[in-house]
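Labels below follow one simple rule: chain letters A, B, ... track the order of the sequence lines, proteins then strands, and each chain is numbered from 1.
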Amino acid sequence: MPGGFLTGGVGFGHVVFATTAFDESHAFVTHGLGMVQSDWLEMELAAGVELEVRFYHCNPRHHSLALAKAPFELPQKLHHLMVETNRRDDVGAAFDRAWASGLPIPNGLGLHDNDRMFSFYVSSPAGFLVEVGHGARTVTDDWDDNRRYGRISAWGHQPLHRP
Amino acid sequence: MQPQLQLAYVGIQVPDPSALNPFFGEVVGLVPGAPGPAGAVTWRNDDKAHRVIVEPGAANDAVFVGLDAGDDDAFDGLLARLDAAGFRATEGSDAERSARAGEAPRPHDGALGRRRRAGHRSRGRRPRRTCRR
């Protein structure tokens, strides 16, 4: 990646897991590991299908870990890992590589509502996703924006279909 | 902000780690990390030994997460916190110590049902523990 990745003092990125042991996992992450909830997402994906995701920070990165409540055991608990570039254009270049690879792109370029990350998601051959992003906002010691979001993205992130 | 943990690495298990080489290297843009043990392939996005560890196995999923506590005091504080919350720490094995490039991990089974490793980079001088509920 020409401009490198943003990792200094904030870890390599973030990971998001889907779990049926949601309440226990939340307790482990907060009471055990001492991470702090940054905010959370609650929305209806489809009629009768609710999505709940909680985002946790342990350094200035908006979230290093997130947990999604899974209604049943999924084939993979790892939904995605994220790496953040130092330059916005490197996200675009990575998107071009992903497009050229022929791999599925379940989320095209877009901007997340809560962390304001400009990013896209590409499926790995193993099934889990990798998010490549740039420009997320950071959290501070006086973080006071632990609130509910009702949408994943401010814009974009639609699934892309190849011709 | 307490504590200042950092996400150090994630361990992923797939039947053929080399099958993900084009993906991580050419699509995502990571660079090869330190050699892994027993067929594992590692990747990094900075100067750390590894950030993504892909090991051979049947899980086809993440199997552990590594967290860096930063220093010995912070690590001891984290262990105390985990203990107070009801999560028992057990010591990592020599094999795990070797696999983590000088730092001995403390894998533990948290509520996620996945092994979670809390460690810090004291280069193996201190005993390492895993945490189980």
Side-chain angles (χ1 to χ4, degrees), chain A residues 1-2 4-15 17 19-36 57-61 64-65 67 75-78 81 83-85 90 93-94 97-98 100-101 103 122-128 130 132 139-141 143, chain B residues 1-10 12-17 19-24 26-31 43-48 50-52 54 59-63 65-70 74 77-78 81-87 108-114 116 118 131 133:
Chain A
M1 192 70 71
F5 294 92
L6 178 64
T7 64
V10 293
F12 83 79
H14 71 233
V15 288
F17 292 101
T19 177
T20 55
F22 187 79
D23 293 338
E24 300 93 318
S25 300
H26 174 82
F28 171 69
V29 170
T30 55
H31 299 309
L33 295 179
M35 294 193 186
V36 178
H57 65 265
C58 49
N59 57 59
R61 189 182 292 286
S64 292
L65 174 69
L67 299 174
Q76 290 177 325
K77 288 182 170 60
L78 176 64
L81 65 94
V83 289
E84 185 174 2
T85 65
D90 284 343
R97 296 193 302 271
S101 73
L103 290 165
V122 56
S123 292
S124 72
F128 62 87
V130 171
V132 182
V139 303
T140 55
D141 287 340
W143 180 257
Chain B
M1 185 179 301
Q2 297 292 332
Q4 288 282 326
L5 296 174
Q6 294 185 39
L7 184 62
Y9 51 79
V10 60
I12 297 170
Q13 194 179 89
V14 296
D16 180 8
L20 293 179
N21 290 357
F23 175 71
F24 279 124
E26 297 166 24
V27 176
V28 179
L30 304 184
V31 297
W43 300 93
R44 58 185 179 87
N45 62 350
D46 57 8
D47 61 353
K48 301 300 184 186
H50 45 240
R51 294 301 202 172
V52 179
V54 187
N60 204 49
D61 201 351
V63 290
V65 170
L67 299 170
D68 188 342
L78 176 61
R81 183 186 187 97
L82 285 162
D83 183 67
F87 296 95
H108 67 86
D109 295 332
L112 289 172
R114 284 287 181 265
R116 311 187 69 78
C131 299
R133 213 175 187 187

- Message: Looking only at heavy atoms and a cut-off of under 4.5 Å, which of A/His31, A/Arg61, A/Met1 has the most pairs with chain B?
- Response: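 Maximum pair count with chain B is reached by A/His31.
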
- Message: Let's test your reading of the structure: which of A/Ala126, A/Gly32, A/Gly11, A/Gly127 forms the most heavy-atom pairs below 4.5 Å with chain B?
- Response: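 Counting heavy-atom pairs under 4.5 Å, the top option is A/Gly32.
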
- Task: Can you tell which part of A/Leu103 gets under 4.5 Å to a heavy atom of chain B, answering side chain, backbone, both or neither?
- Result: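 The side chain, not the backbone.
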
- Task: Please state whether the side chain, the backbone, both or neither of A/Ser101 comes within less than 4.5 Å of a heavy atom of chain B.
- Result: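 The answer is the side chain of A/Ser101.
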
Would you name the heavy atoms of [X] and [Y] that are closest together and state the gap between them?
{"X": "A/Phe5", "Y": "B/Gly29", "value": "CE1-O, 3.7 Å"}
{"X": "B/Asp61", "Y": "A/Leu78", "value": "OD1-N, 3.0 Å"}
{"X": "A/Gly34", "Y": "B/Arg81", "value": "CA-NE, 3.1 Å"}
{"X": "B/Gln6", "Y": "A/Val10", "value": "OE1-N, 3.5 Å"}
{"X": "B/Ile12", "Y": "A/Leu81", "value": "CD1-CD2, 4.0 Å"}
{"X": "B/Phe23", "Y": "A/Ser123", "value": "CE1-O, 3.7 Å"}

- Message: Under 4.5 Å from any heavy atom of chain A, what part of B/Val14 do you find: side chain, backbone, both or neither?
- Response: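 Interface part for B/Val14: side chain.
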
- Message: Just verifying a value: how many Å separate B/Leu67 CG and A/Cys58 SG, rounded to the nearest 0.5 Å?
- Response: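 Result: 6.5 Å between the selected atoms.
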
- Straight-line distance of B/Leu82 CG to A/Phe28 CZ, nearest 0.5 Å: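 Reported to 0.5 Å precision, the distance equals 6.0 Å.
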
- Message: Contact between A/Pro125 and B/Leu20 at the side-chain level, heavy atoms closer than 4.5 Å - yes or no?
- Response: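 Side-chain contact under 4.5 Å: yes.
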
- Close side-chain approach of A/Leu33 and B/Phe87, heavy atoms under 4.5 Å: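 A side-chain contact under 4.5 Å is absent here.
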
- Task: Would you please indicate if the ring centroids of A/Phe12 and B/Tyr9 are separated by under 6.0 Å?
- Result: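 That pair fails the under 6.0 Å test.
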
- Message: Checking A/Thr7 against B/Arg51 for the side-chain contact (heavy atoms from CB on, under 4.5 Å) test, could you report, in this order, the C-alpha distance in whole Å, the side-chain angles of both residues, the deciding distance, and whether it holds?
- Response: CA-CA 11 Å; A/Thr7 64; B/Arg51 294 301 202 172; 4.2 Å; yes

- Message: Under a 3.5 Å distance rule, please check whether B/Asp46 uses its side chain to pair with a backbone N or O of A/Leu6 as donor and acceptor.
- Response: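 Here the side-chain-to-backbone pair does not exist.
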
- Could you walk me through whether B/Leu7 and A/Val15 pass the side-chain contact (heavy atoms from CB on, under 4.5 Å) test, one step at a time? CA-CA 9 Å; B/Leu7 184 62; A/Val15 288; 4.1 Å; yes

- Query: Given the options B/Val27, B/Val52, B/Asp47, B/Val28, which has more heavy-atom pairs under 4.5 Å with chain A than any of the others?
  - Reply: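 Most heavy-atom pairs under 4.5 Å with chain A: B/Val27.
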
